[in-house]
Amino acid sequence: MEKVLTAILFVLSEGCTWRGINRPEANWNSVYQYYRRWCREGVWEKVWEQVAPVAKPGALYVDSTFIKVHRSGLNAAGGRHLQAVGLTKGGWNTKLHAAVDRKGRPCSLLLTAGHVADISEATEVLKDLDAKIVVADKGYDSDQLRIWLFEREVTPCIPPKSNRKDPLPYRRSSYRKRHLIENFFGHLKTFRRVATRYDKLAETFFGWVLLAVVIKFGK
């Protein structure tokens with residue numbers, strides 16, 4: 001089992017193909033089948049639940065990042081729309097939505113197709129989280145989201161869009177710390193299997209994201 005885990009971590013870090021790890025002592029297909037089954041059974045989620053640091057109620061920083069889909073990750077059975085792949089101006093992409101705490105640790109992760117708007121997934125990302133303030137960029141400036149936050153006694157820290165007739169104030173000192181979410185995405189993308197999506201299935205790609213999170217942010 002140690003050889004299997006070592007091989008999986010090598011693929012995560014280097015972004016190589018499964019066949020690239022083929023050795024007499026660790027057949028590539030056997031390693032892949034272990035990884036695939038663990039993704040299907042939610043093993044990586046369970047591992048993260050065990051090692052995730054306990055986040056105290058406070059500020060949450062929300063954003064998303066595009067992840068380029070390699071041509072080998074296209075044309076999954078059932079269609080791209082079922083596997084969080086969507087066409088954008090930059091080509092085929094997956095989008096990872098996230099919320100992190102004041103220490104830059106992930107509290108919520110969500111995978112969607114690349115063309116999905118940030119604002120449309122904001123409540124899904126935040127619905128189970130306990131926070132006093134939510135910090136986000138202009139892409140999250142909407143009356144519906146602000147009302148949703150106020151109803152939960154959460155203060156939005158979101159700069160207004162330029163076309164707002166009556167711009168709403170926000171706490172600039174809090175907004176300056178929004179780099180925490182950008183840093184989080186930067187840490188994840190040091191793993192080449194996360195930086196570029198080679199997997200056809202959203203489930204297996206999300207497994208790499210969770211595994212990277214466990215390595216970088218586990219207590």
Side-chain angles (χ1 to χ4, degrees), residues 39 42 44-49 51-67 69 81-86 88 93-161 168 170-171 174-175 177-189 191 194-195 197 202-214 216-218:
C39 288
W44 306 124
E45 290 94 332
K46 294 173 185 175
V47 172
W48 173 242
E49 289 172 2
V51 303
V54 178
K56 297 180 180 179
L60 286 177
Y61 304 85
V62 184
D63 205 351
S64 70
T65 187
F66 288 105
I67 298 167
V69 181
H81 65 288
L82 296 177
Q83 302 301 335
V85 176
T88 67
N93 280 277
T94 287
K95 185 178 279 189
L96 177 64
H97 306 258
V100 303
D101 64 14
R102 64 181 64 186
K103 293 187 178 181
R105 303 174 302 195
C107 302
S108 179
L109 297 168
L110 178 67
L111 211 61
T112 69
H115 62 274
V116 174
D118 293 352
I119 187 63
S120 66
E121 303 300 325
T123 56
E124 184 67 22
V125 172
L126 295 168
K127 66 179 183 179
D128 296 323
L129 303 180
D130 188 8
K132 295 179 180 179
I133 181 171
V134 166
V135 182
D137 63 20
K138 292 181 180 180
Y140 293 86
D141 180 27
S142 83
D143 293 336
Q144 291 81 2
L145 178 59
R146 291 177 183 274
I147 292 170
W148 186 86
L149 291 171
F150 283 132
E151 288 176 345
R152 288 157 179 77
E153 299 182 349
V154 179
T155 302
C157 179
I158 305 171
K161 292 180 180 178
L168 299 173
Y170 66 99
R171 190 182 302 171
S174 296
Y175 188 75
K177 298 177 183 178
R178 202 184 68 83
H179 65 87
L180 291 169
I181 184 72
E182 303 294 347
N183 293 348
F184 166 72
F185 291 134
H187 287 310
L188 282 191
K189 289 185 178 182
F191 297 94
V194 174
R197 175 175 168 176
E203 184 179 63
T204 53
F205 176 70
F206 195 57
W208 293 123
V209 173
L210 290 171
L211 187 53
V213 163
V214 168
K216 280 288 188 180
F217 302 97

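Heavy-atom basis, side chains included; hydrogens, waters and symmetry copies ignored. As the structure is a prediction and not an experimental result, all values here were calculated from the model.
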Distance-minimising heavy-atom pair for W44 and G207: CD1-CA, 3.8 Å
Between atom NZ of K132 and atom SG of C157, what is the distance when rounded to the nearest 0.5 Å? 15.5 Å
Closest contact, heavy atoms only, Y175 versus P159: CE1-CD, 3.5 Å
Distance from L145 atom CG to D118 atom CG, nearest 0.5 Å? 11.0 Å
Full working for side chain to side chain contact (heavy atoms under 4.5 Å, CB included) between L149 and T155: CA-CA 7 Å; L149 291 171; T155 302; over 6 Å; no
Non-hydrogen side-chain atoms of L210 and V47 separated by less than 4.5 Å: no
Check: R146 side chain, I158 main-chain N or O, donor-acceptor pair, under 3.5 Å: yes
Any side-chain heavy-atom pair of I181 and V62 under 4.5 Å: no
Which atoms form the tightest heavy-atom contact between I133 and R171, and what is the distance? CD1-NH1, 4.2 Å
With a 4.5 Å cut-off on side-chain heavy atoms, are L188 and L96 touching? yes
If you apply the rule side chain to side chain contact (heavy atoms under 4.5 Å, CB included), what do you find for I119 with Q144, and how did you get there? CA-CA 10 Å; I119 187 63; Q144 291 81 2; over 6 Å; no
I want to check something: taking the side chain as every heavy atom from C-beta on, are C39 and F206 in contact at a cut-off of under 4.5 Å? no
Exactly one candidate in H97, E124, E121 meets side-chain hydrogen bond (donor to acceptor under 3.5 Å, both in side chains) with T112; the answer is H97
Which heavy atom of Y140 sits nearest a heavy atom of S64, and at what distance? OH-N, 3.9 Å
NZ-CZ distance between K127 and R152, expressed to the nearest 0.5 angstrom: 11.0 Å
What distance do F185 atom CZ and I67 atom CD1 have between them, rounded to the nearest 0.5 Å? 8.0 Å
In terms of relative ring orientation, are F184 and F217 parallel, tilted or perpendicular, with 30° and 60° separating the classes? tilted
Looking only at heavy atoms, which two atoms of A202 and L111 are closest? And how far apart? O-CD2, 3.8 Å
Taking every non-hydrogen atom, the tightest pair across Y61 and L180: CE1-CD1, 3.7 Å
Chi angles and distances behind the side chain to side chain contact (heavy atoms under 4.5 Å, CB included) call for F205, V69: CA-CA 10 Å; F205 176 70; V69 181; over 6 Å; no
From CZ (R178) to CG (D137), nearest 0.5 Å: 4.5 Å
Can any side-chain N or O of T94 pair as donor or acceptor with the backbone N or O of A84 at less than 3.5 Å? yes
Walk me through whether T65 and K189 qualify under side-chain hydrogen bond (donor to acceptor under 3.5 Å, both in side chains). CA-CA 10 Å; T65 187; K189 289 185 178 182; 2.8 Å; yes
Can you measure from NZ (K177) to CG (N183) and round to the nearest 0.5 angstrom? 13.5 Å
Expected output: side-chain S108 to main-chain V125 donor-acceptor under 3.5 Å: yes
